[in-house]
Amino acid sequence: MTETHHHRPSLKQQNKPFKSKHASKGSLKDAAKGRIARQSPKTPTGSNAAAQSRLNRRNNAKQAQLTKRNALISATRIFNGVDGAPRIVAVIPLTGDVSTKSTVRSLAASLDIPADDCPEDGLWKLRADRFKTSLQFRTVPYRSFYAALDACKVADYVVIVLSSKVEVDAWGDTLLRTLQAQGLPDVVSVVPPDTSIDPKSRPGILKSLLSFMQYFVPTQSRIFDLHVSSDRLNALRSLSEGKPADVRWKEGRSWMLAESTQWEDGSLRLSGVVRGSPLSSNRLVHLPDFGDFQISKIFSAPLPRTSKSGHVSGMDVEPTVLAEPDPSSADSLVSSNDPEDLANEQTWPTKEEMNGGVDDIQTDIPDAVAGTTPKAVRRIPKGMSEYQAAWIIDEDEEDADEEGENNESVGEAEGQQEEEVEEMQDMLIDDSQTDVDKRESVRFDDLDMEEEEAQLDKWRNRQREEEDDLSFPDEIDTPKGVSARTRFQRYRGMRSFRTSPWYPYENLPREYARIFQFEDFKRTERGVRRRLEEEVGTVEPGVRVTIYLKDVPQEAASSSLAVLFSILQHEHKKTVLNFTVQRNTEYDGSVRSKDPLILLVGPRRLAVNPIYSQHTRGGGKSANNVHKFERYLRHGSTFVATIYGPVTYGKQSCVLLRETPDVEAPHVVAMGTFLNPDTTRIIAKRIILTGHPFKVHKKTATIRYMFFNSDDVLYFKPIQLHTKHGRTGHIRESLGTHGYFKAYFDGPINQMDTICMSLYKRVFPKWSSTWTPQGVRKLTRSDQLPPEDAMEE
């Protein structure tokens with residue numbers, strides 16, 4: 001067979017499109033496709049056109065350069081002069097063989113300034129007259145995890161001290177990952193001076209350390225070797241010039257590194273330089289590890305000035321009041337609603353009603369109205385509304401038609417009955433079961449209790465493959481000693497997980513009476529930020545002040561190096577917070593919902609027990625805003641972590657840590673971003689009751705081991721069944737007294753298939769609190785047990 005080959009036509013005649021000399025405005029707009037012509041002055045013609053165009057480009061470049069220069073000057077104005085605000089530099093060691101004191105001493109030696117009084121853990125100020133600025137070093141000792149986090153939160157620059165001999169261990173790797181997720185300002189990586197290293201091997205060591213740091217901070221271009229004098233000066237120049245990088249979560253907030261603290265009669269006094277945005281006395285402030293507090297007064301605290309001649313002035317200047325809170329607009333410390341104040345607004349169930357058991361469940365079947373024959377009987381708990389009753393699904397009309405209840409003629413009913421009789425006669429019988437009548441009315445024989453227990457143990461002790469466990473993670477065994485309708489009375493069946501309605505304000509826990517809900521969160525955030533910019537009586541950044549805080553515990557003054565952050569309006573109030581998180585690939589432990597963790601978000605550290613749910617693609621809410629609860633936080637997917645916590649504004653990053661016996665060495669469990677404070681997000685926990693097809697005949701099967709008494713079969717009869725092989729069906733009737741029942745499916749059933757019933761209930765997180773290093777909680781029983789033993793039902 002010959003193949004024909006066609007050449008691609010290389011010559012094509014293309015006629016020019018018709019161009020009208022008088023095009024309409026609409027046609028010109030369509031042709032432009034949204035492009036806007038740049039407006040320019042009269043374009044010269046002739047030989048002067050090129051020169052004029054070159055002048056325009058040069059002028060535009062000059063204006064852009066001037067704009068950038070003015071922005072840089074405005075951003076660094078608070079640092080101008082040796083009497084300006086100091087640049088805060090956090091010095092963080094990653095190994096135990098390096099010293100923060102020797103690092104600062106090497107940097108100061110480039111300006112011939114002694115630094116013998118610099119502490120290993122504390123503050124030390126350097127006047128860099130050569131660069132017309134001053135530096136305030138915050139040195140942090142090795143293995144001080146939370147002190148390093150707080151120092152980097154308020155720092156303008158972070159100096160990472162690496163070792164040329166010792167590799168970074170797991171603690172240093174955890175710290176870098178946490179700092180990366182928390183948000184880092186400009187980073188300067190240095191190697192302390194060491195004369196014992198061979199000069200020939202030094203370049204290779206620096207190259208290896210640079211590759212390591214670029215994994216966490218991709219903007220790093222070099223590692224400064226403090227053994228070389230030029231590198232010492234260049235490292236100090238990097239800290240003294242330019243504008244510090246902005247961290248997103250600190251936008252609109254003010255903060256302060258306290259140079260001194262003093263506590264007296266519940267009042268804490270902190271002195272330092274205000275940084276960030278203007279500080280308002282009407283807003284609350286947050287002290288890490290201690291919580292939120294109110295400001296009582298803000299005083300000026302100028303430092304004495306030394307002239308060139310050595311004369312000291314300003315020693316006798318009296319502090320003046322810069323700002324006081326306005327009682328009419330100051331934020332209160334009320335973080336949650338008091339349920340006692342809502343007694344007249346909502347009636348809460350009593351303890352007896354909440355602990356109601358079998359007595360609250362309807363056990364008698366109501367009689368039919370005279371002259372009518374009900375199609376099906378719905379068994380629901382007493383007091384359930386019509387909306388709640390809609391959750392217990394009735395049988396499909398198609399199944400009712402198959403049963404012959406709604407046939408239009410007697411002939412069709414007789415044909416359906418004959419078909420069922422034929423199915424009963426052809427039903428497969430298990431080898432261990434005999435004496436079953438193959439007649440129109442089937443007689444069912446119960447097994448004795450010993451045989452029933454033996455077969456149940458054999459069924460439950462089967463070895464399940466790992467793939468099946470991942471595919472069906474919600475399967476549980478029905479308890480044999482407790483009635484299923486009592487054990488799972490809080491669960492309900494759903495016809496469609498994504499579309500079935502679920503009212504978000506029904507059967508809420510008592511914690512929902514304490515939280516706050518926003519009508520429009522985005523609009524509230526815009527209003528808060530707009531009012532903050534327009535607020536009067538604030539303290540501008542760069543001013544050294546003394547802040548008095550009310551009702552502060554004395555333990556807050558034990559640390560002489562406290563940090564302080566202002567929080568925006570309403571950020572003290574509790575609500576439901578949702579975070580999108582991803583599991584840390586380096587952490588191999590098991591993370592279950594409601595495990596105690598530490599949440600780092602913004603300036604806060606919270607002790608939380610988050611619950612995890614599926615993250616809808618694109619972040620949508622679906623038709624009913626129902627999302628599936630996840631027992632475990634698994635690798636490779638994005639989940640939503642939900643907690644009760646204080647309001648948070650902006651797309652702030654978050655980190656989940658797990659405590660260890662060593663308080664200063666936690667594990668990084670997950671990292672993510674704040675999603676929204678949606679209180680109507682419904683997290684539905686699913687359980688799957690499984691049964692074994694005991695006898696199978698085409699579309700009809702006898703199921704066992706899903707229930708263990710006939711009352712449970714009748715109670716769960718309206719809920720739809722499904723199989724692992726994709727079949728769906730319904731319960732037809734109960735057989736015997738051991739929980740066997742007959743079910744009908746939409747297709748032939750395999751003997752090796754598994755029958756499943758999905759039940760759902762809404763779950764809620766636990767109340768969060770401020771985490772403190774002093775309150776180290778003991779490992780809970782769920783932490784000590786292996787995952788398979790500690791799994792919830």
Side-chain angles (χ1 to χ4, degrees), residues 67 70-80 84-85 153-154 156 183 243-257 270 272-287 292-301 319-335 516-550 563-575 577 601-604 646-652 674 676-677:
T67 301
N70 292 335
L72 179 62
I73 293 174
S74 176
T76 58
R77 183 171 296 149
I78 63 173
F79 305 125
N80 291 343
K153 287 178 182 179
V154 297
D156 299 313
K243 173 185 175 297
D246 296 325
V247 181
R248 186 172 182 179
W249 69 266
K250 295 196 292 185
E251 293 179 358
R253 304 177 188 273
S254 56
W255 62 90
M256 187 181 74
L257 174 61
L270 303 96
V273 180
V274 177
R275 301 296 308 278
S277 299
L279 176 62
S280 173
S281 58
N282 292 327
R283 304 283 80 86
L284 301 178
V285 295
H286 178 77
L287 294 177
D292 303 336
F293 302 96
Q294 289 178 318
I295 297 176
S296 59
K297 285 184 181 181
I298 301 178
F299 287 87
S300 62
T320 59
V321 178
L322 298 180
E324 287 183 312
D326 184 4
S328 61
S329 59
D331 293 343
S332 67
L333 288 174
V334 177
S335 62
F516 292 85
Q517 181 177 359
F518 294 90
E519 182 179 358
D520 190 338
F521 180 71
K522 293 295 184 182
R523 184 178 62 186
T524 302
E525 180 180 358
R526 289 194 299 268
V528 167
R529 295 187 182 275
R530 183 181 64 254
R531 289 190 296 270
L532 181 64
E533 296 175 356
E534 300 172 354
E535 191 169 3
V536 296
T538 57
V539 180
E540 293 297 323
V543 180
R544 193 173 190 274
V545 298
T546 299
I547 302 176
Y548 288 79
L549 304 181
K550 297 187 296 184
V563 295
L564 177 146
F565 298 91
S566 68
I567 59 177
L568 304 179
Q569 191 178 14
H570 306 310
E571 279 195 322
H572 181 66
K573 299 176 180 177
K574 295 291 186 72
T575 186
L577 301 182
V601 52
R604 302 181 189 273
V647 176
T648 301
Y649 292 129
K651 289 294 183 180
Q652 297 194 20
F674 173 65
N676 56 38

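Throughout, numbering of the chain's residues begins at 1 and tracks the sequence. Remember, predicted model here, so these are calculated numbers, not experimental data. Note that these values count all heavy atoms, side chains included, but never hydrogens, waters or copies made by symmetry.
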For [X], which residues count as a side-chain hydrogen bond (donor to acceptor under 3.5 Å, both in side chains) partner, sequence neighbours excluded?
X: Asp292; result: His286, His572, Arg604
X: Thr67; result: none
X: Ser328; result: Asp326
X: Thr648; result: none

[atom1]-[atom2] distance between [X] and [Y], expressed to the nearest 0.5 angstrom:
X: Ser254; Y: Arg275; atom1: OG; atom2: CZ; answer: 11.5 Å
X: Asp156; Y: Leu257; atom1: CG; atom2: CG; answer: 10.0 Å
X: Phe293; Y: Leu564; atom1: CZ; atom2: CG; answer: 10.0 Å
X: Leu270; Y: Thr546; atom1: CG; atom2: OG1; answer: 9.0 Å
X: Leu279; Y: Ile295; atom1: CG; atom2: CD1; answer: 5.0 Å
X: Leu532; Y: Ser566; atom1: CG; atom2: OG; answer: 7.5 Å

Identify each donor-acceptor pair in which a side-chain atom of residues 534-542 lies under 3.5 Å from a protein atom, sequence neighbours left out, and give them as a table.
{"unit_1": "Glu535", "atom_1": "OE1", "unit_2": "Ser280", "atom_2": "OG", "d": "3.4"}
{"unit_1": "Glu535", "atom_1": "OE1", "unit_2": "Arg283", "atom_2": "NH1", "d": "3.3"}
{"unit_1": "Glu535", "atom_1": "OE2", "unit_2": "Ser280", "atom_2": "OG", "d": "2.7"}
{"unit_1": "Glu535", "atom_1": "OE2", "unit_2": "Asn282", "atom_2": "ND2", "d": "3.1"}

Worksheet item: Just by distance, do the side chain of Ser335 and the backbone of Lys574 share a donor-acceptor pair under 3.5 Å?
Response: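 Here the side-chain-to-backbone pair does not exist.
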Practice prompt. Not counting sequence neighbours, which residues clear ring pair (Phe, Tyr, Trp, His ring centres under 6.0 Å) with Tyr548? List them please.
Written response: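 Tyr548 satisfies ring pair (Phe, Tyr, Trp, His ring centres under 6.0 Å) with Phe299 only.
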Practice prompt. Quick one: list whatever passes ring pair (Phe, Tyr, Trp, His ring centres under 6.0 Å) with Phe565, sequence neighbours left out.
Written response: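 Testing Phe565 for ring pair (Phe, Tyr, Trp, His ring centres under 6.0 Å), a comparison that skips the adjacent residues, returns Trp249.
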Worksheet item: Of all residues at least two apart in sequence or in a different chain, which pass the side-chain contact (heavy atoms from CB on, under 4.5 Å) check with Lys550?
Response: Gln294, Ser296
Worksheet item: In chain order, what residues pass the side-chain contact (heavy atoms from CB on, under 4.5 Å) check against Lys250, with sequence neighbours excluded?
Response: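 Lys250 satisfies side-chain contact (heavy atoms from CB on, under 4.5 Å) with Val247, Trp255 only.
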Item to complete: Please assess Arg253 against Ser277 for the test side-chain contact (heavy atoms from CB on, under 4.5 Å), listing each intermediate value before the final yes or no.
Response: CA-CA 5 Å; Arg253 304 177 188 273; Ser277 299; 5.7 Å; no
Practice prompt. Could you tell me which non-hydrogen atom of Thr575 sits nearest to which non-hydrogen atom of Pro677, and how far apart they are?
Written response: CG2-CB, 4.0 Å
Fill in: Ser281 versus Pro325, closest heavy-atom pair with distance
OG-N, 3.3 Å
Any side-chain heavy atom of [X] sitting closer than 4.5 Å to one from [Y]?
X: Val528; Y: Glu571; result: no
X: Ile567; Y: Asp331; result: no
X: Val563; Y: Lys153; result: no
X: Ile298; Y: Val274; result: no

Discussion item. Under the rule for salt bridge (charged side-chain N to carboxylate O under 4.0 Å, His left out), what residues qualify as partners of Lys297, not counting sequence neighbours?
Written reply: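 Lys297 satisfies salt bridge (charged side-chain N to carboxylate O under 4.0 Å, His left out) with Glu324 only.
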Discussion item. Which residues pass the salt bridge (charged side-chain N to carboxylate O under 4.0 Å, His left out) test with Arg529, not counting sequence neighbours?
Written reply: Glu525
Worksheet item: How would you list all residue pairs meeting ring pair (Phe, Tyr, Trp, His ring centres under 6.0 Å) that involve residues 518-547, not counting sequence neighbours?
Response: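 Found Phe518-Phe521, Phe521-Tyr649.
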